[in-house]
Amino acid sequence: MFLIFDYCYNYGKLTFAKISRNGTNAVQQLRKARLSKGLPFMINTSEKECYLEYPDGTIKKVVVSKSGIEFEVLQVLSIKDAQNLRETKTKSGDMNEKIKR
């Protein structure tokens, strides 16, 4: 196992940084595509709760309802809280660039 990783790391130029960057870029493209189509984008924070970001910039904290087929809104974030969430996700590496609204 180590030999395979060593080969990929040293010779195949497959590094964690590149994989991470590619994943982050893919998520950013998905976010932009969904929002441009008028669809919400899910920002995962835990198993039980997440945030839904809408094309108008609104972000709602939600949980899956008891029926399991829709979301129950726990909180609608203020403009300031929504921006703080975007900045926090940017700093933590979940988003590779600062998201502006």
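In what follows, every heavy atom counts, from backbone to side chain, and hydrogens, waters and symmetry copies are set aside. Sequential numbering from 1 along the given sequence is applied to the chain's residues.
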Asker: Tell me whether R34 contacts the main-chain N or O of P40 through its side chain, where contact means a donor paired with an acceptor under 3.5 Å.
Answerer: yes
Asker: Among residues at least two apart in sequence or on other chains, which ones pass side-chain hydrogen bond (donor to acceptor under 3.5 Å, both in side chains) with D81?
Answerer: S78
Asker: Of all heavy-atom pairs between A82 and G57, which one has the smallest distance, and what is that distance?
Answerer: CB-O, 4.3 Å
Asker: Is there a donor-acceptor contact under 3.5 Å from the side chain of S36 to the main chain of K32?
Answerer: yes
Asker: So does E70 get a backbone contact from the side chain of S65, meaning a donor-acceptor N/O pair under 3.5 Å?
Answerer: yes
Asker: Could you tell me if K60 sits above the aromatic ring of F71, with its cationic atom closer than 6.0 Å to the ring centre and no more than 45 degrees from the axis?
Answerer: no
Asker: Can you list the residues that meet the side-chain hydrogen bond (donor to acceptor under 3.5 Å, both in side chains) rule with E49, with sequence neighbours excluded?
Answerer: K61
Asker: What's the spacing between L30 CG and M42 CE if we round to 0.5 Å?
Answerer: 11.0 Å
Asker: Do the side chains of I43 and C50 get nearer than 4.5 Å, heavy atoms only?
Answerer: no
Asker: Mind checking the CD1-CG spacing from I59 to N84? Nearest 0.5 Å is all I need.
Answerer: 10.0 Å
Asker: Y54 and V63: same hydrophobic cluster, using ILVMFWY side-chain contacts below 4.5 Å?
Answerer: no
Asker: With a 6.0 Å cut-off (strictly less than), is the heavy-atom count around CD1 of I79, excluding the residue itself, greater than 12?
Answerer: no
Asker: Is any side-chain heavy atom of Y51 less than 4.5 Å from a side-chain heavy atom of L74?
Answerer: no
Asker: Between R86 and E53, does any side-chain N to carboxylate O distance fall below 4.0 Å?
Answerer: yes
Asker: Under 4.5 Å between side-chain heavy atoms, hopping through other hydrophobics if needed: is there a path connecting V76 to V64?
Answerer: yes
Asker: Can you confirm whether L85 sits close enough to L77 that some side-chain heavy atom of one is under 4.5 Å from a side-chain heavy atom of the other?
Answerer: yes
